[in-house]
Amino acid sequence: MLDRWTWQMAWRDSKGSRRRLLLFLSAMVVGVAALVAILSFGHSLERSIDEDAGSLLGADLRISSSRAFSPALESMIDSLGGVQARRVSFVASAQFSAQQPVQTVRVRAMDAGFPLYGRIIASPPEAEEKMRAGQGVLVAQSGISVARVQPGDSVTIKGRRFEVAGILIGARVENAVEMLYQPPVYMALADLDTLDGRVGTYEVFLRFDREVDTAALQSAIEEAHDVGVRTLADVKEDWDFLLEGLEAFLGLIGFFALILGGLGVGSVLQVYLKERKDTVAVLRCVGASSGRATRIYLAQSIGMGVLVGLAACAVGTLGQVIMPLGINDLLPVDMHYRVAPEGLFAGFGLGVGATVVFSLVPLSGLGAIPPLAALRSAYGRQRFRKSRLAVYALVGLGIGLCAWVQVGHIGVAILYALAMGVAFGILSLTAWAFIRMLRAVAPRIRTYTWRQGLANMHRPNNQTLLMVVALGLGTVMIMTVVLVEGAIVEKFANLNFEAEEIPDAVLFLVDAEKPEDITSMIAAHDIRILQTDILMPVSVDSIYGRSRMSDEDSTGSDRIGFDWVGGATFADHRTDSVLVEEGTLVREWQDSTQVAPVAIHAYAAREALQVAVGDTLLLRVLDRQVLTRVGSIYAGPVLGRGMATMILPQGILESLPHTRVLSLKAADPQSLAVFHGAFMDQFPDYPIINVPLVLRVVQEVFRRLNYMHRFMSLFSVITGILVLAGAVMVSRRARIEQAVLLKTLGASKRQVLSIMCVEFLFLGLLATGTGLGLAMVAAWVLTGFQLEIAFIVPKVPIVLAATALVGITLGVGLLNSRGIYARPPLEVLRTEV
Amino acid sequence: MHTIEDQVILRVDKLTKCYRSGARMLTVLNAVSFEAREKESIAVVGPSGSGKTTLLGLCAGLDKPTSGSVVVGGTDLAGLTENARAALRNELVGFVFQTFKLIPTLTALENVMVPAELRRDRKARRKAVALLESVDLADRQHHYPVQLSGGEQQRVGLARAFINRPRILFADEPTGNLDADTSATIEHLLLDLNRSAGTTLIIVTHNLELAARTDRILELRGGALVQEGRTPAAIRGKTA
Ligand SMILES: Nc1ncnc2c1ncn2[C@@H]1O[C@H](COP(=O)(O)OP(=O)(O)O)[C@@H](O)[C@H]1O
Ligand SMILES: [Mg+2]
């Protein structure tokens, strides 16, 4: 079909346009490269984790307990064989000589064997030896909490001074996010004996020198002893789960970039092939069949596809290295970047496939060029040919296929393709309606430049439709991601922390023996108690209609609510201020024979439990079961209420032991830190949450993930601009002709420019407006139905985006039209296309 | 002696072409009939807009008539598909355009080769080189159209028209875009090539001198054939 001559002609015919074509193919390259980068990065990370799972766990199997191991467990461990290593960890405050405030650190005392896989990296390198010999500790300088500590400094933990032997640079077994929150301090296990009052985690690490069924061992140990067991499979599973989420999200952006790039190639080819109209007509005049003429350009697009595929593979493979730069220290392992064969394969395939598929629409128009066009430029409309429908169907199929490669789920892929089609349809319809309207309205406009600018949008052979569709789809894609991300961040920010006064620390007094000691310590440190709350752990045993009984074998909606654990408090004067959204909040309940009404926080009720007012719940509070019905649903901050998500009326359960939750506010960060350290040393049994620190850690993690997202979005934006430039170029010829004519007739440069401004301004407004509208609908659907969070219309990003998009349209349009006015009229009027 | 039927290469019968212009029908060509025999040369004359280009397009099967028939080399075009008509053109028909219509991305030589390459002619290059020599462009083979003057471009166009040894050649105002001197050269070349190749020539021209050197003149006015006459050259040809 594609014989030698066809390829030869294709090659010869591309002469003179190659550089321009390459430029515009870059839009496609960017899109495909984004996908290759994601696939390769995922592949590299997965393989790296697989290879290093041992060093992530530090063993083949880990047994951990919050108490020292029982003699029975010890003998069982010994019977397992293999190599053992031990570690004890606990949270403590640390006073560094180099700086004043006290820090919360995680002390990890280890024996010589730890870790069984992987290494501890310290600076200077000999510091590790010193630590193991009991001549000092290693301190992690993981970012936010521990400031510049130097080897040779000292640190005081639980009243004992240690020398800082060196800095802990990294250890695979550490969790990166945990390290941000509580930087670890490593010491020899022998040193631990000099410290007292320790509460912590006891761990034994095992490495086997024979094949061991760790899964079976895991369940056997967990069954017989009250300990947690973790295997390599658990590690991999956790990361696979995270990776899948990451890849799906990034993949979505990559997919958008690809489709945008495809549109770009489609619209550029449209221009390019329009210029080839004469060539096709002549070829047909001298006896080439329409198929033969078309195949020349098909061969060209295949050739371009191959180029796109190759370039994308190269760029994408490099991109996988740049992409995660911002999150490198959050990654669990050293990345061994490798060329992912499936990434390259998919990239090349997508490069060729998408380029060809997206050139089909302009290519299908070639066959319709009549040979008569060689004799006289044919005017009048081209007939709509049924084969076009087939082409559109093919393009749809191609998009679905791309989505399938990306998402790996056929249903979702079809949905994507359909959504794309709908967006395409709506945009086309809007543009069509607009053109119609212009035709009616434009002639009545008084100012000539406005009238002419608008008239240009509906002149014969106008590119309004193409530009609106290309620009609009770009807007939809970019803005949908932005809006969805905004909703996620918004949700997170508003979940707990909208209290009038955010506490600095939250203290949990579980069965406090001498609460006066604690309160006097708080007072001594000049810390204010914002409020005291009562909290009891509460879970759900049964929801009317859903039963915990079928827990094991039921999935999905049947299980909703049973994994939930919350805190309950009693109604009192403080709870009067809550915002009741539905039902009435009952403060007291005397009639113990009746089902007690409970108030549930809106988030817990709607999202976690999915219950409504009137539903009957069997709650479990400690070891007691209480039958309740949802009396009301309330909104508002959780943190300010001691983290309670349920309010029970007074008159029940007061007799049960409960935790008192103190919300504390310090005068300044320093006194908070000092208090925090002192408190932990004196009352190590009571959990305390340093709220600002938690917030900072969360923000930090978000910031780094955001980097990755922005990097990917950049792909879309670049592609979008390239596509836009392509679309504008389509109409350059017509605009040159008009400008020259107007100039000949005596129009000033200003007038010519303002006509073009009007044109691009309206194009930008129309496309951006429609695109934003569609994006909002898409984001609303995604957040509401897929992510199940409330969709808030963020005004600032929308206004910003709209301004930017219209600005970019105008900018790219005018930039592409520069020099038009300077064209000498004669030259332009004489030369043909 | 052979019959007239044998000699007819083109037969046009009651050829009519209408265009819809708004609500009105515009008759551009009205029941035109004529025949062209092998080796005959015919000039088509008439004012601008009289339908000359339309007639040529229909004869070459570039467009479909509203009614009437065109028979080229014994084949009725009406019965052919688009692609079959293209194949027929490749085999029998040559074309010379007023605006030259060289493919801008191909060199002179490559342009000339195209029709031969389309029929997978292995000698395409050799034939093209020979033809370029005969139009006196041997040294411009590897130039692109933009590097050639109008007259040179049209000479390339002539070479391209003859490469498949067409039995009938259509030329639509081949010198309409050229100055008088260059026109004369091109006309000479065209008639020479035509004569030596034994091609039937149908040429649209405003140049009455050139028309006078053909065998026959068809005059179109408002889409209708108003006069079909022998020219002095035709008479000379008959008597010679
Ligand atoms: N596609 C078309 N639609 C309407 N009218 C047409 C079309 N093509 C040609 N015409 C008209 O047909 C007439 C004859 O055109 P043409 O054959 O090009 O004339 P000539 O070559 O003799 O100058 C002209 O009046 C022209 O306007
Ligand atoms: Mg004409």
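Every value quoted in this text rests on a predicted model; they were computed, and no experiment measured them. Every chain is numbered from 1 and lettered A, B, ... according to where its sequence line falls, protein lines coming before strand lines.
Considering only heavy atoms from C-beta on, B:L62 stays 4.5 Å or farther from A:P370 through its side chain. Using a 4.5 Å cut-off on side-chain heavy atoms (C-beta onward), A:T279 and B:P104 make contact. Between A:R12 and B:V114 there is no side-chain heavy-atom pair separated by less than 4.5 Å.
B:R119 CZ: more than 12 foreign heavy atoms inside a 6.0 Å radius. Counting non-hydrogen atoms of neighbouring residues, nucleotides and ligands closer than 6.0 angstrom, the NZ atom of B:K14 reaches no more than 12 such neighbours. Around atom CH2 of A:W11, no more than 12 heavy atoms belonging to other residues, nucleotides or ligands sit under 6.0 Å away.
Here the CE-CE distance, from B:M113 to A:M9, works out to 10.0 Å after rounding to the nearest 0.5 Å. To the nearest 0.5 Å, atom CG of residue B:L56 and atom CG of residue A:L372 are 10.5 Å apart. Note that the CG atom of A:L283 and the NZ atom of B:K101 stand 12.5 Å from one another [nearest 0.5 Å]. Rounding to the nearest 0.5 Å places CD1 of B:I103 at 10.0 Å from CZ of A:R276.
The nearest pair of heavy atoms linking A:S290 to B:N83 is N-OD1, 3.2 Å. Taking each heavy atom of A:R284 and B:R89 in turn, the nearest pair found is O-NH2, 2.7 Å. Smallest separation of non-hydrogen atoms from A:G287 and B:N90: CA-CB, 3.7 Å. When every heavy atom of A:A288 is checked against every heavy atom of B:A86, the shortest pair comes out as O-CB, 3.5 Å. Closest heavy-atom contact between B:L106 and A:D13: CD2-N, 4.4 Å.
Although no hydrogens or angles enter the test, the distance criterion places a donor-acceptor pair under 3.5 Å between the side chain of A:R292 and the main chain of B:L118.
With a 4.5 angstrom heavy-atom cutoff, B:R85 does not touch chain A via any of its atoms. In this structure, chain A has no heavy atom under 4.5 Å from any part of B:A60.
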